[in-house]
Participant: 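Can you read through this structure? Questions will come right after.
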Amino acid sequence: QVHLVESGGGLVQAGGSLRLSCAASGLTFSNNNMAWFRQAPGKERELVAAISWFGTSTTYADSVKGRFTGSKDNAKNTAYLQMNSLKPEDTAVYYCAAARQPYSSSRVRAASTWDHWGQGTQVTVSS
């Protein structure tokens, strides 16, 4: 059974940084693309960052480009989202997701592309 467990969320002031982690088990991590989505109250779940099997390809939401960096460590079965220069509009529940299918920068933006999901971690950015 696949488990994805996010950690690292919390409350931070605007301009601050957080690093989210997603520990994976029950799957061959190196054969899975990983992604971070977020969902704010009253809004749809949106892609924040996606990372291909070996980290050679990444896709970001326009709103986080230059501020957030997604990565994965296949030796540790863990994906990361480094978030810098945080803004109040980054406040949301952040979810990690995994999928085996070949990486496509267009398909990764759809939540339906992803097979497995974590339970989410809350990130709150105060102004």
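When reading the values below, keep in mind they use all heavy atoms of this one structure, side chains included, and skip hydrogens, waters and symmetry mates. Here the structure is a predicted model, which is why all the values come from computation and not from measurement.
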Participant: Please name all residues satisfying side-chain hydrogen bond (donor to acceptor under 3.5 Å, both in side chains) with Arg107, sequence neighbours left out, ordered by chain then number.
Facilitator: Gln101
Participant: Pick out which of Val123, Val64, Val93 makes a side chain to side chain contact (heavy atoms under 4.5 Å, CB included) with Arg38.
Facilitator: Val64
Participant: Just verifying a value: how many Å separate Ser52 OG and Lys72 NZ, rounded to the nearest 0.5 Å?
Facilitator: 7.5 Å
Participant: Please name all residues satisfying salt bridge (Lys or Arg N to Asp or Glu O under 4.0 Å) with Lys65, sequence neighbours left out, ordered by chain then number.
Facilitator: Asp62
Participant: With under 30° as parallel and over 60° as perpendicular, where do the rings of Trp117 and Tyr95 fit, or are they tilted in between?
Facilitator: perpendicular
Participant: So which atom in Pro88 and which in Ser127 form the shortest heavy-atom distance, rounded to 0.1 Å?
Facilitator: CG-CB, 3.9 Å
Participant: First locate atom CZ of Phe29, then atom CG of Leu4, and finally report the distance between them rounded to the nearest 0.5 Å.
Facilitator: 8.5 Å
Participant: Measure the CG-CH2 distance between Leu47 and Trp114 for me, rounded to the nearest 0.5 Å.
Facilitator: 7.5 Å
Participant: Nearest heavy-atom pair of Tyr80 and Asp73: which atoms, and what distance?
Facilitator: CE1-CB, 4.0 Å
Participant: Mind checking who shares a hydrophobic cluster with Trp53, ILVMFWY linked at side-chain heavy-atom distances under 4.5 Å?
Facilitator: Phe54
Participant: Can you name the residues that form a side chain to side chain contact (heavy atoms under 4.5 Å, CB included) with Ala110, not counting sequence neighbours?
Facilitator: Ser112, Thr113
Participant: First locate atom CG of Leu11, then atom CD of Gln122, and finally report the distance between them rounded to the nearest 0.5 Å.
Facilitator: 9.5 Å
Participant: Under the rule for side-chain hydrogen bond (donor to acceptor under 3.5 Å, both in side chains), what residues qualify as partners of Arg45, not counting sequence neighbours?
Facilitator: Gln39
Participant: What residues form a side-chain hydrogen bond (donor to acceptor under 3.5 Å, both in side chains) with Arg19, not counting sequence neighbours?
Facilitator: none
Participant: What closest approach, in Å, do Ile51 and Gly70 show between heavy atoms, and which atom pair accounts for it?
Facilitator: CG1-C, 3.7 Å
Participant: State whether the side chain of Glu6 and the backbone N or O of Gln119 hold a donor-acceptor pair below 3.5 Å, judged by distance alone.
Facilitator: yes
Participant: Report yes if some heavy atom in the side chain of Val108 is under 4.5 Å from a heavy atom in the side chain of Asn33; otherwise report no.
Facilitator: no
Participant: If you take all heavy atoms of Ala49 and Leu81, which pair is closest and at what distance?
Facilitator: CB-CD1, 4.0 Å
Participant: Working to the nearest 0.5 Å, report the span between CD of Glu46 and CZ of Arg109.
Facilitator: 10.0 Å
Participant: Does a side-chain heavy-atom distance below 4.5 Å link Arg67 with Asp90?
Facilitator: yes
Participant: How many angstroms lie between atom OG1 of Thr69 and atom CE of Met83, to the nearest 0.5 angstrom?
Facilitator: 11.0 Å
Participant: Check Phe68 against Tyr60 and note the closest heavy-atom contact, atom names and distance.
Facilitator: O-CE2, 3.4 Å
Participant: Answer with yes or no whether the side chains of Tyr103 and Thr59 bring together a donor and an acceptor at under 3.5 Å.
Facilitator: yes
